[in-house]
Undergrad: 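Have a look at this one.
Chain identifiers are assigned alphabetically (A, B, ...) following the order of the sequence lines, protein sequences preceding nucleic acid strands; residue numbering begins at 1 within each chain. Source: prediction; values computed, not measured.
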Amino acid sequence: MSSAPLLAVADDPPVSLWRDAWGRLIRNRLAVAGLVMVLVLAFAAAFGPMLTPYDFLSQNLDARNAGPSLVHLFGTDDLGRDVFSRVLYGTRTAFVVAIVVTALAVTIGVTLGATAGFFGGLFDRIIMWFTDMTMSVPNLLLVVVINASLKAPLSQWMETQYLATLNPFFRETIWIDFLLVFGSMALIAWPPYARLVRAQVLSIRSRPYITAARALGLTNRIILTRYVVPNAIGPLIVSVSAGLGTAMVLESAFSFLGVGVNPPTPSWGNMISDGLRVWQHYPHLLAVPAIVLGLATVAFSFLGDGLNDALNPRGSK
Amino acid sequence: MSETLLEVKDLTIEIATRRGPATVVDGIDLHVGKGETLGIVGESGCGKSLTMLSLLKLLPNKIRVAGGSAMFGGRDLLTLNNKELRAIRGGRIGFVFQDPMTSLNPVMRIGDQLAEPLIHHRAMSKAAARQRAGELLKLVGIPGAEQRLDAYPHELSGGMRQRVMIAIGLACDPDLLIADEPTTALDVTIQAQIVDLVKGLRQRLGMSVVWITHDLALIAGLADRICVLYAGTVVEDAPVDQLFAEPAHPYTRGLLASIPRMGAPDSARLSSIGGTPPEPGRRPAGCPFAPRCPLAEDVCRTTVPALAPLRGEATPHRVACHVANRVMEAA
């Protein structure tokens, strides 16, 4: 590089690191397949309810447990509800939960991990101790404990609030579901992000450009947000992509076990749980949500792998 | 001698080791006048970079200043709190680092990196900072400066990146530019360009420069005065002409003798100084150079020589050596 002529000016417009990575990503077939599937699912989540003539709740007791047909693409369930509509709506639930939970977890994880890694010392040790402690608690146990201990008092509180104010907001138990699901899942999902970011920051903070930034008299906050975190973001993006898939699986698992999103709100997890009881007779009720969940997981995993190769080109060759 | 801008007195720096603190910089005295260019010369590990980094509290974790003072503009840099220090860093003292390949933020456009100190120290708007960034790039001789603002560091050659580093160092019109081996990572031809660039800028901007290097030949054409460092102490400090005309310290002479010369017979061997510098924590009792010195006497092994004017005269040429005076007279 140093032997290049000083006056050489490239004619091409500057190629940003991100555009470079994007170029590598779309050359990767699996990654593109993953990306397309993710986009289709995202589209379904956003516009799903407009794509089907049926409401996910409306029951048609004359057509219960119907098999797939042109009228009901994926058939109907034991209450005559359209499975296609329910899967679409479940996609929305999955995406909302995955995005909100991941956003919460990343915010907590990046903040704690970056500050711990950057400042080091006792602060670092306390935060990492806390992180390890959280990680050591079994996920499911934590979620069940939170649900079991908080759900009843919260419902009680909402009930009294409703009676006191008659505000219909307090009638919607869905908020409790979301609060508890989001909260408990974010609580178990942040430690890996904190560890990842801390490790990145530890390696970045001793790089010469950080010393150079300090020599410019920049504040720690600016150095952290403009010099350290942007350089740590590559592995984080990969991890977030994989994390979105994991969050969807987690949400389904919790809904399956009855500690996640509660019926009648459709979730792939509680659809699988319902379908499991009758799968010998009506296999489509189990197969459809299970296949969609599987596809979503595979899609995010392909995309994550592709992003990993695109953002760390040296590691993949 | 013009007004003094920076005066470092008795600076001592220690590094924490498993066997306890080891002294790496041992009572360095140096000063830089307004508009003066000081060359600091010494081999790797002699403490040249640490000395300069310590002035702005940029030392790595396990290395700390153990004593001394560094007066800059009437204040002791070593006693400033973080906020005061930030105003000096990049504002009144610019720093150019050794490796242009790794000293720029790889994910930030160079225009933004140039604008950063302007926004921070001068409270400039983004637009004004960008315009000034363009001017700075022009100042350091980057062709197509306006377009280069949007480039990322990896799109520039090493020489260009070092120019960007210098532009960043100059952004806020500092009183002092500290350049820590800024040409070590560059080709010889590019080195000459960078030296010329700094020479020209120094005159136009009227700033002082401290140029750290291990290359005596390079610094000869640039510095007004040269400090020779050995094992964390100043062994000789002289105006550049006097240093080259009559090097007094045996170490300086060794350095000069090891520069290859044009026209020397092919059979002539390149001279070198035998041995290696003392490890930190295992410094000899007397003169740190004594174990390698061809002229060392008994006193050298027991007593540390003080930095004193050569021949005891009123001269800016100072040397820390017991035998230098006698040797110089004999010569």
Undergrad: Name the member of T211(A), I233(A), L218(A), N220(A) that forms the most heavy-atom pairs with chain B at distances under 4.5 Å.
TA: L218(A)
Undergrad: Given a strict heavy-atom distance threshold of 4.5 Å, which part of L85(B) is in contact with chain A: side chain, backbone, both, or neither?
TA: neither
Undergrad: Taking everything shown except F130(A) itself, do over 12 heavy atoms lie less than 6.0 Å from its CZ?
TA: no
Undergrad: Measuring from atom CG of D99(B) to atom CZ of R207(A), what distance do you get when rounded to the nearest 0.5 angstrom?
TA: 12.5 Å
Undergrad: Taking atom CD as the centre, does E7(B) end up with more than 12 heavy-atom neighbours from other residues, nucleotides or ligands that are less than 6.0 angstrom away?
TA: yes
Undergrad: Which value, rounded to the nearest 0.5 Å, describes the distance between L216(A) atom CG and L114(B) atom CG?
TA: 9.5 Å
Undergrad: Taking all heavy atoms of A212(A) and all of S103(B), pick out the closest pair and write down the distance.
TA: CB-O, 3.5 Å
Undergrad: Tell me, for K83(B) versus chain A, whether the close heavy atoms (under 4.5 Å) come from the side chain, the backbone, both or neither.
TA: neither
Undergrad: Measure across R214(A) and R89(B) and return the closest heavy-atom pair with its distance rounded to 0.1 Å.
TA: O-CD, 2.9 Å
Undergrad: Which one wins on heavy-atom pair count under 4.5 Å against chain A: H121(B), H120(B), Q98(B), R86(B)?
TA: R86(B)
Undergrad: Distance from Y209(A) atom OH to M165(B) atom CE, nearest 0.5 Å?
TA: 13.0 Å
Undergrad: When you measure from the side chain of N105(B) to the backbone of N231(A), do you find a donor-acceptor pair of N or O atoms at a distance under 3.5 Å?
TA: no
Undergrad: Where on I222(A) is there a heavy atom nearer than 4.5 Å to chain B: the side chain, the backbone, both, or neither?
TA: side chain
Undergrad: Sort T219(A) into side chain, backbone, both or neither according to what part of it lies under 4.5 angstrom from a heavy atom of chain B.
TA: both
Undergrad: Give, as side chain, backbone, both or neither, the part of N61(B) having an atom under 4.5 angstrom from any heavy atom of chain A.
TA: side chain
Undergrad: Is L58(B) close to chain A through its backbone or its side chain, or both, or neither, when contacts mean heavy atoms under 4.5 Å?
TA: both
